[in-house]
Amino acid sequence: MNNNELADVFDKIASLMEIKGEVIYKTLAYRRAAESLRVLPADISSYWKEERLTEIPGVGKAIAEKISELLQTGELDFLNRLEQEVPPSLLELLQVPDIGPKKVALFWKQAGVKTLVELETAARNGKLKTLPGMGEKSEARIIAGIEALSRRSKRMLLGNAWSIANRFLSELRSQPGVVRAEAAGSLRRWKQTIGDLDLVTACTDPAPVMEWFTSHPECHRILGKGESKSSIELNNGINVQLWAQPPERFGTLLQFVSGSKEHNVRLRELAQKKGLSLNEQAIIRDDGSEMLFSDEEGIYETLGLQFVPPELREDRGEVQAAGGNKLPVLVKPGDLQADLHMHTTWSDAAHSTKDMALAARTLGYHTLAITDHTSGLGIAGGLTVEGLAEQRKEIDQVQQELGDTIKILQGAEVEIKADGTLDYPDEVLKKMDIVVASLHTSLRQPRERITERLVNVIRNPHVDIIGHPSGRLMPNREGADLDYDQVLQEAQKAGVALEINAHFSRLDLDEIYVRRASEMGILIAINSDAHTTDQLEQIIYGVSVARRAWLNPDLVINTWDRDRLVDWLKSRGRS
DNA sequence: GCCGTTTTCGGCCCGACTGTTTTCAGTCG
């Protein structure tokens, strides 16, 4: 069982306990443990073998024993007994909006509803409205919620979420009375996938703004409408929330809605210890007087903390670090001076070498690497060894035209074949300016085999960067089942750089492992993998991964100046 | 069930909105 599977088990336990009516703090403990497991950088089995399970935040004696049992037997007696008491089919009811554990328990115990289908039947037959606390409207809301489930898309990818949010924000900013409007929630934290969109606005009179929002042409139905908060479902099934406060309270609003929830809980605990109370409108002193904040900075200052960048607000140690003035320096998009992975018309991309070089120069880079696919990746029209010579001529010519304003490296994204060998022979790789090696195919090989495949490539002295290490494509293609402990150790030994691929359906290396890599001092390359000139700018998504991972900027090879980058390549045998 | 610069036991964050209720429970973020 891996970390995520264990986390799923504990989330399931938490939900079943909630339905059962167990004290809330027990269920919270299981949720917290589950979240901890999901972001754990190393394989859980290594903690288990070393008897370090209780070092994991949120894991105490009881949960450690359950992890042990699951790892040893693949089963959990406690869960089996829980499922005897509370039918696990009830969990699907929790998917319906506006249905929580209390309602599930009510429908189950008083109407005999155990599945989603039974719930819909009961609702349509008017069997729910007579239950205590229920009524006509609640029943209709449940039917609407069940219908919404089928419309509701899964989580959005970061880049898609930003484009929808930006569209709403620009309309919002032109509404009368709107002083400021920003994205908040997981989008502002640049989480790799986004559930609902949260927008916040500072405005003098919220009523007309809320009216505009709830009558938006893309609105399919209104989920809620109030003075300070409204919520709608769009035609494409996405939910959008809009929060409003007067300008002088915008800071607390933005902070509150940006979350994460867990980060906010930490802040409020801290506030409490200082005799303060924090909510979306103000910080309130013991005597009931309010402190107002138009910006976020003052909030953190009042709590005795460094300002915490949104990307770090996940309750992964940032509050403690901010209290000790120990927050890391983070990479900024402007720090990048090179892009070392992109494609041209020599393989499957849209623009020429010169187009890409000019676009990269506009971004202020000193170097770009043209890394077209190799012939083994047939689908991408890869470049043969013979083609390389012609490409070299073209690069030399463009280089001459552009002079010293930007350096063009001839590289390749070499295919790591299913048998673990590379698509070009070593003597060809040796002559290139830079080599990125990537997995695209046979990603479903068993863990040992695919890990070995990658490790051998890491050890190849002619490979400089491992491109998108797992090969995942969100939301549909899972990455390879790599043994990351081994991959990271080998990368550290070999001095190879691991890529953060900035394409928002990749974001690979995953932030969890980037954080570990940073602690281990492993080099990282943040690359766009651009197939058009526009896509060079998608590098911001890669930067967001680095920031969320607390990555030390000095480890990012494309933040280095040209001399340092050249020296590094020389140290790897490049001329 | 977890956790500790006020604690190894007694805490564990805060409010808006909705619908069903006449003061509150449930859900959500």
Working for side chain to side chain contact (heavy atoms under 4.5 Å, CB included), residues A/Arg188 and A/Leu254: CA-CA 10 Å; A/Arg188 183 160 178 255; A/Leu254 180 62; 3.6 Å; yes

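Under the salt bridge (Lys or Arg N to Asp or Glu O under 4.0 Å) criterion, A/Lys332 pairs with A/Asp335, sequence neighbours left out.
Only the C1' atoms considered, B/dT20 is 11 Å distant from B/dG26, to the nearest whole Å.
The backbone N or O of A/Asp77 sits less than 3.5 Å from a side-chain atom of A/Glu69, completing a donor-acceptor pair.
No salt bridge links A/Arg81 with A/Glu85; every basic N to acidic carboxylate O contact stays at or beyond 4.0 Å. Checked for salt-bridge contact, A/Glu35 and A/Arg32 miss the test: no charged N lies under 4.0 Å from a carboxylate O. Taking the charged nitrogens against the carboxylate oxygens, A/Arg266 and A/Glu318 have no contact shorter than 4.0 Å, which rules out a salt bridge. A salt bridge between A/Lys225 and A/Glu211 is present, with a side-chain N of the basic residue lying under 4.0 Å from a carboxylate O of the acidic one.
Comparing B/dC14, B/dG1, B/dA16 against the side chain of A/Ala62 picks out B/dG1 as the nearest. Closest approach to the A/Ala29 side chain among B/dC2, B/dT20, B/dA16 is made by B/dC2 (side chain taken as heavy atoms from C-beta onward). With B/dC17, B/dT20, B/dG29 as the candidates, the nucleotide lying closest to the side chain of A/Asp196 is B/dG29.
Nearest-nucleotide assignment on DNA chain B puts the 5′-proximal partner with A/Lys66, out of A/Glu269 and A/Lys66. Place A/Gly60 and A/Leu223 on DNA chain B by their nearest nucleotides, and A/Gly60 ends up nearer the 5' end.
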Short N/O separations, protein against nucleotides 23-27 of chain B, under 3.5 angstrom:
| residue | atom | partner | partner atom | Å |
| --- | --- | --- | --- | --- |
| B/dT27 | OP1 | A/Gly100 | N | 2.6 |
| B/dT27 | OP1 | A/Gly100 | O | 3.0 |
| B/dT27 | OP1 | A/Lys103 | N | 2.9 |
| B/dT27 | OP2 | A/Lys102 | N | 3.2 |
| B/dT27 | O5' | A/Gly100 | N | 3.4 |

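If you check every strand for non-hydrogen atoms under 4.0 Å, A/Phe256 touches a base. No engagement by A/Asn264 is indicated, since no non-hydrogen atom pair under 4.0 Å with the nucleic acid exists. Among the heavy atoms of the strands lying under 4.0 Å from A/Arg141 are primed sugar atoms or P, OP1, OP2 only; no base atom is included. Backbone-only contact: A/Val59 has heavy atoms under 4.0 Å from sugar-phosphate atoms and none from a base. Nucleic acid contact for A/Lys129: none, since no nucleic acid atom lies under 4.0 Å from a heavy atom of the residue.
Between A/Lys229 and B/dA16 there is no side-chain N or O to OP1 or OP2 distance below 4.0 Å. Remark: A/Ser230 is not in phosphate contact with B/dC17, judged by side-chain N or O atoms under 4.0 Å from OP1 or OP2.
A side-chain N or O of A/Ser470 and one of A/Asp508 form a donor-acceptor pair less than 3.5 Å apart.
In this structure B/dC24 sits in a base pair with B/dG19, meeting the Watson-Crick or G-U test at under 3.5 Å.
Residue-nucleotide stacking is present for A/Tyr25 and B/dC12, judged by a side-chain ring centre under 5.5 Å from the six-membered base ring centre and planes under 30° apart.
Taken residue by residue, residues 276-285 of chain A places heavy atoms nearer than 4.0 Å to DNA chain B at A/Ser277, A/Leu278, A/Asn279, A/Glu280, A/Gln281.
Taking the ring axis of A/Phe250 as reference, the NZ or CZ atom of A/Arg180 does not stay both within 45° of it and closer than 6.0 Å to the ring centre.
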